[in-house]
Amino acid sequence: MSNILTKDQINDYKTNGFIYPVPVIPSIKADYYAKKLLSFQNQHPEHLSGIKARKLHLILTWMADLISEKVILDAVEDLLGPNIMCWSSTLFIKDAENPAFVSWHQDGNYWGLSNDELTTAWLALTPSTVLNGCMKMLPGSHKWPKIDHEQTTDRDNLLSKGQVIKKEITDSDSVNLCINSGEISLHHINVAHSSGPNNSKSKRIGIAIRYITPHVRQLNNYKDSATLVRGTDTYNNFEHEPIPKYDYETASMSFFKKFED
Ligand SMILES: O=C(O)CCC(=O)C(=O)O
């Protein structure tokens, strides 16, 4: 029996590769997290993009709380089963009236993971709309055979390597994932998705929390790490990450620094 997703939602996820919206926290709590994030942004602007914005749950207690929000994990459990690790918590912030965008890509193409037991819970800390550049997804594209991507160099592309899928994509075939603050969308590791610029007068803030099962392995040649957030891990494919007891705890900081270079 599922926790919170309906049978139809689980079937939609299997058929389309995504579902939305799933309310997970009250909007007042989303505002609390947004304020924490913006005050962190003022102090540490260097941590707002790229590799330095991928695992803040290692050093900030409120981010560690956020990745373990009960209802998010209930929804993820409905898709991945009872044993869940958080692999990353990537910030996707688009400033007001800003050209930053995300090119069409499939996450699974370049993450080096052994299978598709990963789902992304994209949590909106502000409403995510067509005007401010919400995510767009192509239904059923998670079932496509493997498609090459190429690297591009547009400075406004929020993806680290500017990855673009090498396939003609008709934008009008895609679905706009408009969600409110406190809601998530859930997407499959191989679904094709993108997002446009923020043409609104306020920030669009989202956190893409990637959850895996302990069964997944990193095939690239390094020992990857993840935080066990529910259940047990009998595989030890990932080094277990420390959970910070207070912000910038020394043990967590030294673990975090491994990801800064
Ligand atoms: O936030 C966005 O606009 C894109 C996020 C994304 O590509 C992802 O979560 O995989």
Side-chain angles (χ1 to χ4, degrees), residues 2-13 15-41 48 53 56-57 60 62-80 86 88-98 100-102 107 119-139 158 171-172 174-188 191-211 229:
S2 60
N3 294 312
I4 60 154
L5 298 183
T6 63
K7 243 190 192 154
D8 284 349
Q9 284 176 309
I10 294 172
N11 282 337
D12 281 354
Y13 184 87
T15 307
N16 296 324
F18 58 88
I19 45 172
Y20 75 105
V22 181
V24 289
I25 52 173
S27 63
I28 193 162
K29 196 163 190 190
D31 289 348
Y32 157 83
Y33 283 132
K35 283 200 184 94
K36 287 282 204 190
L37 186 52
L38 294 179
S39 110
F40 178 74
Q41 173 173 33
L48 276 237
L56 290 176
H57 59 269
L60 299 171
W62 60 268
M63 273 294 274
D65 292 343
L66 185 150
I67 62 163
S68 289
E69 281 287 348
K70 180 182 179 305
V71 184
I72 299 181
L73 295 183
D74 285 346
V76 170
E77 181 172 350
D78 288 340
L79 300 177
L80 295 184
C86 173
S88 64
S89 52
T90 304
L91 307 180
F92 278 100
I93 302 175
K94 290 181 180 169
D95 286 330
E97 297 180 321
N98 191 283
F101 70 100
V102 170
D107 298 328
T119 194
T120 295
W122 195 99
L123 173 66
L125 296 187
T126 60
S128 188
T129 64
V130 173
L131 187 67
N132 70 17
C134 66
M135 280 196 294
K136 300 183 269 190
M137 308 224 161
L138 278 174
L158 290 176
D171 224 59
S172 56
S174 66
V175 175
N176 291 310
L177 272 57
C178 299
I179 57 177
N180 276 318
S181 64
E183 295 178 341
I184 54 169
S185 57
L186 288 155
H187 72 259
H188 187 279
V191 78
H193 59 290
S194 69
S195 68
N198 182 353
N199 294 317
S200 81
K201 297 208 176 302
S202 36
K203 273 186 202 290
R204 189 218 70 168
I205 306 177
I207 303 184
I209 317 168
R210 323 283 185 193
Y211 294 103
V229 285

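Note that the numbering runs from 1 along the sequence shown for the chain.
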Tell me if a side-chain donor or acceptor on Asn176 pairs with a main-chain N or O of Cys178 at a distance below 3.5 Å. no

Measuring only between side-chain heavy atoms, which start at C-beta, is Asn180 closer than 4.5 Å to Pro127? yes

Strictly distance-based, threshold 3.5 Å: is any side-chain N or O of Asn198 a donor or acceptor partner for the main-chain N or O of Asp95? yes

According to ring-ring contact (aromatic ring centres under 6.0 Å, His included), who are the partners of Phe40, at least two apart in sequence or on a separate chain? His44, His47

Rounded to the nearest 0.5 Å, how far does OG of Ser195 lie from NZ of Lys136? 7.5 Å

Rounded distance [0.5 Å steps], CD1 in Ile19 versus OG1 in Thr6: 7.5 Å

Heavy atoms only: give me the nearest Lys203-Thr126 pair and the separation to one decimal. O-OG1, 3.6 Å

Under the rule for ring-ring contact (aromatic ring centres under 6.0 Å, His included), what residues qualify as partners of His193, not counting sequence neighbours? His105, His187

Expected output: side-chain Asp78 to main-chain Leu5 donor-acceptor under 3.5 Å: yes

Basic-acidic side-chain contact under 4.0 Å: Lys35, Asp31: no

Between Ser27 and Ala30 (side chain of the first, backbone of the second, donor and acceptor by atom type, cut-off under 3.5 Å), is there such a pair? no

From CD1 (Ile207) to CD1 (Ile93), nearest 0.5 Å: 7.5 Å

If you look at every heavy atom in Ser200 and Ser202, which pair is closest and at what distance? OG-O, 3.0 Å

Within-4.5 Å side-chain heavy-atom neighbours: Leu66 and Ile209: yes

Once rounded to the nearest 0.5 Å, what's the spacing between atom CZ of Arg210 and atom OG1 of Thr90? 5.0 Å

Distance in Å, Trp62 CH2 paired with Leu37 CG, rounded so as to fall on 0.5 Å steps: 4.5 Å

Is there side-chain contact between Thr129 and Cys134, with heavy atoms separated by less than 4.5 Å? no

Is Thr119 close to Tyr13 at the side-chain level, that is, under 4.5 Å between some pair of heavy atoms? yes

Distance-minimising heavy-atom pair for Phe101 and Pro197: CB-N, 4.2 Å

Could you check Leu177 against Trp122 for side-chain contact (heavy atoms from CB on, under 4.5 Å), going step by step and ending with a plain yes or no? CA-CA 10 Å; Leu177 272 57; Trp122 195 99; over 6 Å; no

Below 4.5 Å, heavy atoms only, C-beta onward: do Val76 and Leu186 meet side chain to side chain? yes

Applying side-chain contact (heavy atoms from CB on, under 4.5 Å), run through Val22 and Gln9 and close with a yes or a no. CA-CA 10 Å; Val22 181; Gln9 284 176 309; 4.2 Å; yes

Once you round to the nearest 0.5 Å, how far does CG of Asp107 lie from NE2 of His188? 10.5 Å

Hey, does Asn3 have a side-chain heavy atom less than 4.5 Å from the side chain of Lys70? no

Quick check: closest heavy atoms across Ser185 and Ile179, and the distance to 0.1 Å? N-CD1, 3.9 Å

Does the side chain of Tyr211 come within less than 4.5 Å of Ile72's, by heavy atoms? yes

Is the backbone of Gly133 close enough, under 3.5 Å, to the side chain of Arg204 for a donor and an acceptor to pair up by distance? yes

With a 4.5 Å limit on heavy-atom distance, are the side chains of Leu158 and Lys94 in contact? yes

In short, Val191 meets Phe18 closest at the heavy-atom pair CG2-CD2, 4.1 Å

Given Ile205 and Leu38, is the side-chain contact (heavy atoms from CB on, under 4.5 Å) satisfied, shown in steps? CA-CA 10 Å; Ile205 306 177; Leu38 294 179; 3.9 Å; yes

